[in-house]
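Here is the structure we will look at, set down as structure tokens.
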Amino acid sequence: MYKAIIAGLGKYLPDNVVTNNDLKKVMDTSDEWIVERTGIQERRHIIKGSGDTTASMGAEAAKIALERAQCAAEEVDLILFATLSPDYYFPGSGVLVQELLAIPDCPAMDIRNQCSGFVYALATADQFVRTGMYKNVLVIGSENHSGGLDMSTRGRNVSVIFGDGAGAALVTRYDGNDDRGILSSHLHSEGKHAEELSLIGPSTNRWVPQIMEENDPEDTSYYPYMNGQFVFKNAVVRFSEVIKEGLLQNQLAAEDIKLLVPHQANLRIAQFVQKKFGLGEDQVYNNIQRYGNTTAASIPIALTEAWEEGRVKQGDLVVLAAFGSGFTWGSSIIKW
Ligand code: ACO
């Protein structure tokens with residue numbers, strides 16, 4: 001068995017900053033409500049016509065990750081692209097990134113696990129590297145939410161939360177004799193709650209012609225739906241469980257954690273988890289205040305920023321944890 005490490009990280013955020021006060025211009029909301037419930041102060045939204053897409057943002061983040069890992073595009077053996085907002089219904093965005101980065105003919109695969117997408121993709125990359133099948137796996141999380149949100153008062157409980165952006169990591173085989181590496185991954189899902197956080201149409205259950213034929217102004221099936229309080233209650237339990245599971249498997253304790261990078265779902269959820277494990281401010285990384293919830297991109301964006309700020313160094317114990325639509329949840333325990 002080989003070991004895998006994250007050798008390079010990158011991120012890309014669209015320039016366009018949308019503050020809570022900007023949202024007030026299009027819906028009945030307030031800075032106070034959003035900050036108190038979610039911690040979010042601003043997020044990025046792609047400007048239509050700017051050329052930014054889910055794949056292009058992912059490619060920009062990937063370029064930085066590859067450069068930092070000193071890995072040439074042609075050395076990438078596999079692309080894993082995590083998103084819930086792909087450029088096309090099909091094909092996936094992984095192949096689009098392959099084309100944008102001029103990576104010859106390696107396999108490219110999309111991972112459909114929403115907020116847990118990056119943790120699922122990282123676990124998948126780790127398995128391919130461990131078995132020796134691949135040496136360099138490019139893992140990308142990217143989301144273009146803004147174009148598909150209901151930006152009226154009707155959709156405000158969801159639309160104030162989400163932002164656009166991308167993050168990427170180059171996962172590579174590590175041949176050193178020390179204890180560096182992705183130590184373990186822990187993945188779960190519970191499909192009985194699939195519809196509590198979902199976007200159900202357009203889909204094969206509800207094709208576009210049907211939606212057009214019905215022409216129902218009250219139809220919200222093509223906007224994301226979230227049962228906020230139910231999601232919140234499940235998130236705090238599952239985040240805690242899956243972090244604990246990872247620590248136990250590696251015979252580690254909360255005080256061993258150098259940095260916890262939780263999926264940036266909601267600052268209140270991260271604070272609950274922080275308190276539950278008795279972690280200090282310096283042991284948890286949050287940037288939802290500036291970017292909102294960027295779903296599969298949130299962990300790689302946060303991890304990249306933490307690394308850029310010098311908060312992730314070789315030998316550190318880094319824990320990633322996510323929970324989201326599906327429901328799906330997971331954690332990665334990494335000796336950096
Ligand atoms: N601005 C102002 N008022 C609002 C807004 C808004 N943006 N959204 C909802 N409201 C109103 C509602 O209409 C409601 O008004 P009413 O009492 O007159 O009916 C009131 O605020 C309370 O609404 P709730 O939906 O009950 O608000 P809640 O306190 O549950 O907070 C929130 C909503 C923030 C979404 C919360 O449920 C939450 O954090 N849930 C966790 C879900 C989450 O974090 N999702 C992130 C994506 S999923 C993931 O990444 C895991």
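We count ligands from 1, going down the list as the structure has it; atoms in each ligand are counted the same way.
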Protein heavy atoms near [atom], is at least one of them under 4.0 angstrom away?
atom                    : result
atom 13 (O) of ligand 1 : yes
atom 30 (O) of ligand 1 : yes
atom 45 (N) of ligand 1 : yes
atom 41 (C) of ligand 1 : yes
atom 16 (P) of ligand 1 : no

Ligand 1 versus [X], non-hydrogen atoms closer than 4.0 Å: side chain, backbone, both, neither?
X      : result
Cys115 : side chain
Asn293 : side chain
Thr29  : both
Trp33  : side chain
Thr295 : neither

In the protein, what heavy atom is nearest to [atom], and what distance, to one decimal place, separates them?
atom                    : result
atom 24 (P) of ligand 1 : Gln229 NE2, 4.0 Å
atom 39 (O) of ligand 1 : Asn266 ND2, 2.4 Å
atom 25 (O) of ligand 1 : Asn157 CB, 4.7 Å
atom 48 (S) of ligand 1 : Leu197 CD2, 3.3 Å
atom 51 (C) of ligand 1 : Phe323 O, 3.1 Å

Do side-chain atoms of [X] reach the backbone of [Y] as a donor and acceptor pair under 3.5 angstrom?
X      : Y      : result
Thr304 : Gly10  : yes
Thr131 : Gln127 : yes
Thr295 : Gln114 : no

As an exercise, identify every atom of ligand 1 less than 4.0 angstrom from a heavy atom of [X].
X      : value
Val160 : 7 (N)
Phe232 : 38 (C), 39 (O), 40 (N), 41 (C)
Ala265 : 44 (O), 46 (C), 49 (C), 50 (O), 51 (C)
Ile269 : 44 (O)

- Message: Tell me whether Arg180 forms a cation-pi arrangement with Tyr174, defined as NZ or CZ under 6.0 Å from the six-membered ring centre and within 45 degrees of its axis.
- Response: yes
- Message: Ring of Tyr2, cation from Arg173 - is the NZ or CZ under 6.0 Å from the centre and inside 45° of the axis?
- Response: yes
- Short side-chain donor-acceptor distance under 3.5 Å, Thr328 and Ser116: yes
What I want to find out is whether [X] reaches [Y] closely enough, with some N-O distance under 4.0 Å, to be called a salt bridge.
X      : Y      : result
Arg44  : Glu143 : no
Arg238 : Glu190 : yes
Glu308 : Arg68  : yes

- Query: What do you reckon, does His263 put a non-hydrogen atom under 4.0 Å from ligand 1?
  - Reply: yes
- In terms of the angle between their ring planes, are Tyr134 and Phe128 parallel, tilted or perpendicular, with boundaries placed at 30° and 60°? tilted
- Message: Classify the ring geometry of His145 against Phe162: parallel below 30°, tilted from 30° to 60°, perpendicular beyond 60°.
- Response: tilted
- Considering distance alone, does some N or O of Gly228 sit under 3.5 Å from an N or O of ligand 1? yes
- Message: Nearest non-hydrogen contact with atom 35 (C) of ligand 1 belongs to which option: Met226, Arg156, Arg37, Arg238?
- Response: Met226
- Message: Looking only at the aromatic ring of each residue, does the gap between the centers of His193 and Phe230 stay below 6.0 angstrom?
- Response: yes
- Identified side-chain contact (heavy atoms from CB on, under 4.5 Å) partner of Asn20 from the options Arg43, Glu32, Glu42: Arg43
